[in-house]
2 protein chains.
Amino acid sequence: MTDDAEHIIHADVREIVGVDRLLHEPSRLVICAVLYVVKRADFLYLQRQTGLTAGNLSAHLQKLEKNDYIKIEKTFDGKTPRTTCELVDTGRTAFDAYRENIKRLAIQLPN
Amino acid sequence: MTDDAEHIIHADVREIVGVDRLLHEPSRLVICAVLYVVKRADFLYLQRQTGLTAGNLSAHLQKLEKNDYIKIEKTFDGKTPRTTCELVDTGRTAFDAYRENIKRLAIQLPN
DNA sequence: ATAAACCAGTTTGTAGTGTAAACCAGTCTA
DNA sequence: TAGACTGGTTTACACTACAAACTGGTTTAT
């Protein structure tokens, strides 16, 4: 195989090695996908939607918060604690970019 | 947030937690994307195309081979060793499936 | 009253993974 | 024949995801 075939391989394909790892993790991708459409969601709702264990979900949410992709609010609903999550601008923008990237990858290659 | 919004979230979105991890790793995804279009490629060609270090590339190729996604052939080109890689059916099928999955994810969500 | 079960998460331990750096066997060059 | 180069492989380590164990508090049952 020579470099003659190089023209086939679009630069975008190579660039996916630099993909946003924070979003590339499936668990977090699902979390963000859910938050992308519902805007706000509490812990249990997210857990049901994603199918993640509570521990997992908690860890991933913290990671997303630390990177300012989501905002976590802790309140009380009567006496029971409630954790509410929201995708903020940084996260929304990153998610859009990620989608664009993988869309290009998925569509661009010849069959 | 109640489950009223549940209808928005398509089942496919949730399913990406079960994505093919072997292909989901960006390095391997690029390797397979290259092999997908060129059919056969040697080690150095792959290294140039992917931008991976030799050690990395070697490790990922072994992982792909162990899972029967690619076939690795070792020959001599004169006196210099040559490692040639080829995406086999299992790998090609998996790659197609992976593309389908992420395409759905990328396209399906509302903006 | 008090024990048991439950709720809403967090923390901890472990196994797996990706990565770069170090290494190796053999070949070419001066 | 010493040194550099080829074409990789192996090693060491830092990071990550995941499940299981735990925490702090509340409700239910006895």
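Labels below follow one simple rule: chain letters A, B, ... track the order of the sequence lines, proteins then strands, and each chain is numbered from 1.
For residues 83-109 of chain A, the ring-ring contact (aromatic ring centres under 6.0 Å, His included) pairs, not counting sequence neighbours, are A:H24-A:Y98, A:Y36-A:F95. Note on residues 22-32 of chain A: pairs passing salt bridge (charged side-chain N to carboxylate O under 4.0 Å, His left out), not counting sequence neighbours, are A:E25-B:R21. Note on residues 71-91 of chain B: no pairs pass ring-ring contact (aromatic ring centres under 6.0 Å, His included), not counting sequence neighbours.
The CG-P distance, from B:L57 to D:dT9, rounds to 9 Å in whole Å. In this structure, B:L44 places its CG atom 11 Å from P of D:dT9, rounding to the nearest Å.
Residues from residues 74-83 of chain B with heavy atoms under 4.0 angstrom of DNA chain D, sorted by number: B:K74, B:P81, B:R82, B:T83.
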Protein and nucleotides 14-19 of chain D: nitrogen or oxygen contacts under 3.5 angstrom:
unit_1: D:dA17; atom_1: OP1; unit_2: A:R28; atom_2: NH1; d: 2.6
unit_1: D:dA17; atom_1: OP1; unit_2: A:R28; atom_2: NH2; d: 2.4
unit_1: D:dA17; atom_1: OP2; unit_2: A:R28; atom_2: NH1; d: 3.2
unit_1: D:dA17; atom_1: OP2; unit_2: A:K63; atom_2: NZ; d: 2.8
unit_1: D:dC18; atom_1: OP1; unit_2: B:R21; atom_2: NH2; d: 2.8
unit_1: D:dC18; atom_1: OP2; unit_2: A:S27; atom_2: OG; d: 2.9
unit_1: D:dC18; atom_1: OP2; unit_2: A:H60; atom_2: NE2; d: 3.1
unit_1: D:dA19; atom_1: OP2; unit_2: A:N56; atom_2: ND2; d: 3.0

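Legend: residues meeting side-chain hydrogen bond (donor to acceptor under 3.5 Å, both in side chains) with A:T84, ordered by chain and number and at least two apart, are absent. Residues that satisfy the side-chain hydrogen bond (donor to acceptor under 3.5 Å, both in side chains) test with B:K79, not counting sequence neighbours, are absent from this structure. Judged as a side-chain hydrogen bond (donor to acceptor under 3.5 Å, both in side chains), and not counting sequence neighbours, A:E100 has no contacts. Contacts of B:D77 classified as salt bridge (Lys or Arg N to Asp or Glu O under 4.0 Å), with partners at least two apart in sequence or in another chain: B:R82. With sequence neighbours excluded, the residues satisfying side-chain contact (heavy atoms from CB on, under 4.5 Å) with A:A54 are A:F43, A:Q47.
Along DNA chain C, the stretch of nucleotides lying under 4.0 Å from any heavy atom of chain A spans, 5' to 3', C:dA8 to C:dT19.
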May I have the list of side-chain donor-acceptor pairs in residues 61-73 of chain A shorter than 3.5 Å, sequence neighbours left out?
unit_1: A:Q62; atom_1: NE2; unit_2: A:S58; atom_2: OG; d: 3.4
unit_1: A:N67; atom_1: ND2; unit_2: A:K63; atom_2: O; d: 2.9
unit_1: A:Y69; atom_1: OH; unit_2: A:D20; atom_2: OD2; d: 2.7

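Residue B:V38 comes nearest to B:A41 through the heavy atom pair CG2-CB, 4.0 Å, listed as atom of the first residue, atom of the second, then distance.
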